[in-house]
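The structure under discussion appears below in the form of structure tokens.
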Number of protein chains: 2
Amino acid sequence: MATIQDVAKAAGVSAMTVSNVINGHPNVRPATRERVLEAVDRLGYRVNVAARTLRRGRTGTIGLAVPEINRPYYGRLAASIIAAAARHGLRVSIEQTDARRENELAALSLSRNRLYDGLILSTVGMGPADVGALDVDHPVVILGERIFGGPVGHVAMPNEAASEAATRHLVERGCRRIAIVCGRLGGEADVSSLRHAGYLRALAAAGLPADPELVVTTESLTMREAARGVRERMAYGLGFDGVFCVTDTVAMGVLRALADAGVRVPEQVRVIGFDNVDESAYLVPSLSTVDPDHDLMAERAVALLTARIDQGGPGPEREEFTGPFRLVVRESTGG
Amino acid sequence: MATIQDVAKAAGVSAMTVSNVINGHPNVRPATRERVLEAVDRLGYRVNVAARTLRRGRTGTIGLAVPEINRPYYGRLAASIIAAAARHGLRVSIEQTDARRENELAALSLSRNRLYDGLILSTVGMGPADVGALDVDHPVVILGERIFGGPVGHVAMPNEAASEAATRHLVERGCRRIAIVCGRLGGEADVSSLRHAGYLRALAAAGLPADPELVVTTESLTMREAARGVRERMAYGLGFDGVFCVTDTVAMGVLRALADAGVRVPEQVRVIGFDNVDESAYLVPSLSTVDPDHDLMAERAVALLTARIDQGGPGPEREEFTGPFRLVVRESTGG
DNA sequence: CTCTCCGTTTGTATCGATAAAAAGCTGCCA
DNA sequence: TGGCAGCTTTTTATCGATACAAACGGAGAG
């Protein structure tokens with residue numbers, strides 16, 4: 001594989017001149033540039049990114065750590081982030097954490113290896129006890145909830161407001177006993193707790209009682225667990241006429257469980273989700289949901305990160321951005 | 001940020017000894033190892049991957065280029081590949097090509113920048129004219145179809161056989177006018193053409209005529225295009241009682257279009273897909289499909305790639321692996 | 001005809017880690 | 001006590017690109 005030295009020799013110039021040409025520096029005579037480019041072409045020279053990285057101290061790559069890329073929401077997110085990063089001239093390397101605390105911590109420390117210029121992390125498993133890990137000395141942006149401190153950027157969804165709007169929509173469509181399907185409620189600032197809070201607010205605003213029996217908690221936010229949770233709940237009879245699902249993936253599990261029980265949607269039960277993944281519009285019935293503008297969130301996350309990268313350190317203080325949302329009404333709530 | 005030199009100084013040893021400790025080399029006295037580890041810990045030392053890469057000539061990262069990570073099949077694939085790569089001690093960097101030829105070519109040349117030790121590429125846009133681009137001098141594994149030459153590894157699905165089995169399944173369930181929804185048929189070895197061939201074989205074996213009107217081709221294999229294609233076809237009346245969809249994503253679009261037209265599945269029309277993505281089991285009706293064992297394919301792709309990486313060059317000759325498949329029968333074919 | 005000045009080019013040092021080879025050290029045996 | 005074998009540790013050189021400063025060369029001024 002040709003090096004910059006080889007090119008220099010072939011073009012009859014010094015390595016520095018080749019470097020200057022490659023990097024588009026001014027003050028290179030056109031004739032020289034020509035000669036160098038011709039040699040680059042002839043030898044099929046490609047810059048060695050490792051060497052450049054070592055010298056410059058930048059890798060040109062950012063890390064993205066998500067629980068599992070194989071979930072519609074994270075796939076959607078990753079696609080947007082890769083596109084946004086490309087606009088900033090950065091590549092994206094993906095780590096899967098399986099939503100496990102130790103893997104999230106490992107991702108944080110990996111980015112300390114200078115493997116990435118910065119890290120975008122979707123925390124799910126870490127808790128307040130890990131606040132120390134967020135006291136980082138390199139650029140980090142947390143995507144999602146469970147933030148607790150440290151000099152990191154933070155991009156969040158409008159969880160409470162959007163959940164309240166989604167639940168209110170069910171109320172407006174005539175639902176009186178509205179269930180919520182969510183993950184475990186730890187009382188912390190995780191996705192389920194925040195969205196649960198919005199759900200409660202909507203109930204209160206409508207003057208509806210908050211029946212604990214209508215809160216279905218699952219081990220994880222997967223289709224399988226959601227379906228299982230709803231089936232168990234229905235074993236005691238259909239006690240609800242509306243369901244707010246904390247994610248669209250959860251909603252898919254719920255729709256399946258309702259279908260298995262012969263419950264018609266939206267006639268008997270109305271269902272609404274959260275995320276507006278691509279599949280939601282094509283389900284039968286199509287799924288009403290909250291659309292959080294993934295592209296904007298991704299763009300902001302990358303922008304917050306590049307700002308921190310450009311200023312060299314982790315960034316001095318905490319920065320936050322909460323995205324907008326839009327209710328998308330479809331068949332599952334009587335569209 | 002502390003370097004290996006700083007650690008060496010702090011521990012009162014040479015940099016080499018620190019390196020030996022870090023890399024778990026034998027012949028380091030336990031007491032020394034202790035001292036070094038203590039210093040590493042105290043200074044918060046992390047190895048600089050760029051420097052290591054420069055010296056070793058390996059990056060420890062492989063590239064994965066797919067059309068769009070935000071499609072269930074590619075998400076599923078990426079998840080498996082990331083897991084498989086992790087088992088081989090490798091990280092994965094993802095590029096999105098948007099199924100466009102020039103981006104696929106760019107991915108091939110990027111991997112030449114020594115950014116990756118090797119590349120796994122899902123070709124969709126490239127054609128036989130680009131055979132020259134595959135005459136690579138570094139490790140490459142092509143995933144999927146449209147292979148045409150060059151010293152690359154190749155992992156393929158059992159397209160024809162599985163498509164034939166899927167179509168035969170429809171025949172066995174009593175379908176007599178079976179449609180296929182696929183992408184453009186260029187006559188080349190792309191996914192649509194191969195699966196279309198399997199479909200034709202099954203029809204021939206069953207003594208059914210191959211009616212060109214039953215071939216619905218779409219611009220791209222997305223839910224949107226598939227739904228559009230089926231709607232257009234049905235504008236002239238429902239002329240089929242079974243549909244073989246070349247991917248599950250296509251099937252989702254088809255199911256939606258059928259629902260819009262008030263056609264009942266499987267009573268009036270039976271539908272089968274290909275890929276067995278996670279969502280398929282939860283659709284209503286749940287989708288019969290072909291399960292190609294993604295984990296195995298991913299493991300093989302990574303194994304082919306690491307073999308090529310370990311032997312230094314692109315690898316001498318062409319290697320192929322075609323996975324197994326399994327028919328998964330669910331509600332959409334009368335399960 | 002010589003001297004500056006400025007645009008261009010080059011030499012040198014360096015980023016941090018590690019392979020390979022050389023040098024130190026121990027302990028053991030003759 | 002000398003010498004050797006075998007473990008440990010250090011020295012040296014290098015991976016390839018680039019920042020910086022110094023050197024070069026040609027044009028125009030005096």
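When reading the values below, keep in mind they use all heavy atoms of this one structure, side chains included, and skip hydrogens, waters and symmetry mates.
- Remark: the backbone N or O of V92(B) is paired with a side-chain donor or acceptor of S93(A) at under 3.5 angstrom.
- At a threshold of 4.5 Å between non-hydrogen side-chain atoms, the residues V66(A) and T97(A) do not count as touching.
- What separates CE of M1(B) from P of dA17(C) is a distance of 10 Å, to the nearest Å.
- Between the side chains of Y116(A) and E95(A), at least one donor N or O sits under 3.5 Å from an acceptor N or O.
- Atoms CD1 and OG1, on I62(A) and T306(A) in that order, are 8.5 Å from each other to the nearest 0.5 Å.
- Which of dG7(C), dT18(D), dA17(D) sits closest to the side chain of N27(A) comes down to dG7(C).
- When rounded to the nearest whole Å, the span between CZ of R29(B) and P of dG6(D) equals 18 Å.
- Side-chain polar atoms of E299(B) and H294(B) form no donor-acceptor pair below 3.5 angstrom.
- With sequence neighbours excluded, the residues that form a side chain to side chain donor-acceptor pair (under 3.5 Å) with N20(B) are H25(B).
- Rounded to whole Å, the distance from CD on E34(B) to C1' on dT8(D) is 16 Å.
- In this structure, R56(A) does not reach the dC15(C) phosphate: none of its side-chain N or O atoms is under 4.0 Å from OP1 or OP2.
- Within the nucleic acid shown, V13(A) comes within 4.0 Å of sugar-phosphate atoms alone, with no base atom in reach, counting heavy atoms only.
- Atom-to-atom, CZ of R58(B) to P of dT18(C) comes out at 14 Å; the value is rounded to the nearest Å.
- Side-chain proximity of N48(A) to the nucleotides dA17(D), dT9(C), dG16(C) is greatest for dA17(D).
- Across dG16(C), dT18(C), dG16(D), the shortest atom-to-atom separation from the side chain of A51(B) is found for dG16(C).
- If you take CG of N20(B) and P of dC7(D), they are 15 Å apart, rounded to a whole angstrom.
- Candidate nucleotides dT8(D), dG16(D), dT9(C) were compared by shortest atom distance to the side chain of T3(A), and dG16(D) ranks first.
- Within the structure, every side-chain polar atom (N or O) of T53(A) is placed at least 4.0 Å from both OP1 and OP2 of dA17(D).
- As rounded to whole Å, 9 Å separates atom P of dG16(C) from atom CG of D6(B).
- Rounding to whole angstrom units, CZ of residue R46(A) and C1' of dA17(D) are separated by 16 Å.
- Taking every side-chain heavy atom of V47(A) into account, dA17(D) is the closest of dT9(C), dA17(D), dT14(D).
- At a cut-off of 3.5 angstrom, the base of dT14(D) holds at least one donor-acceptor pair with the side chain of R55(B).
- Ranking dA19(D), dT10(D), dA17(D) by closeness to the M16(A) side chain, first place goes to dA19(D).
- Residue-to-nucleotide proximity on DNA chain D shows that, of T17(B) and L54(B), the 5′-proximal contact is made by T17(B).
- Note on V28(B): only backbone sugar-phosphate atoms sit closer than 4.0 angstrom, heavy atoms only; bases stay farther off.
- Computed from coordinates, the I4(B) CD1 to dT11(D) P distance equals 14 Å when rounded to whole Å.
- R52(A) comes within 4.0 angstrom of the backbone, heavy atoms only, and of no base.
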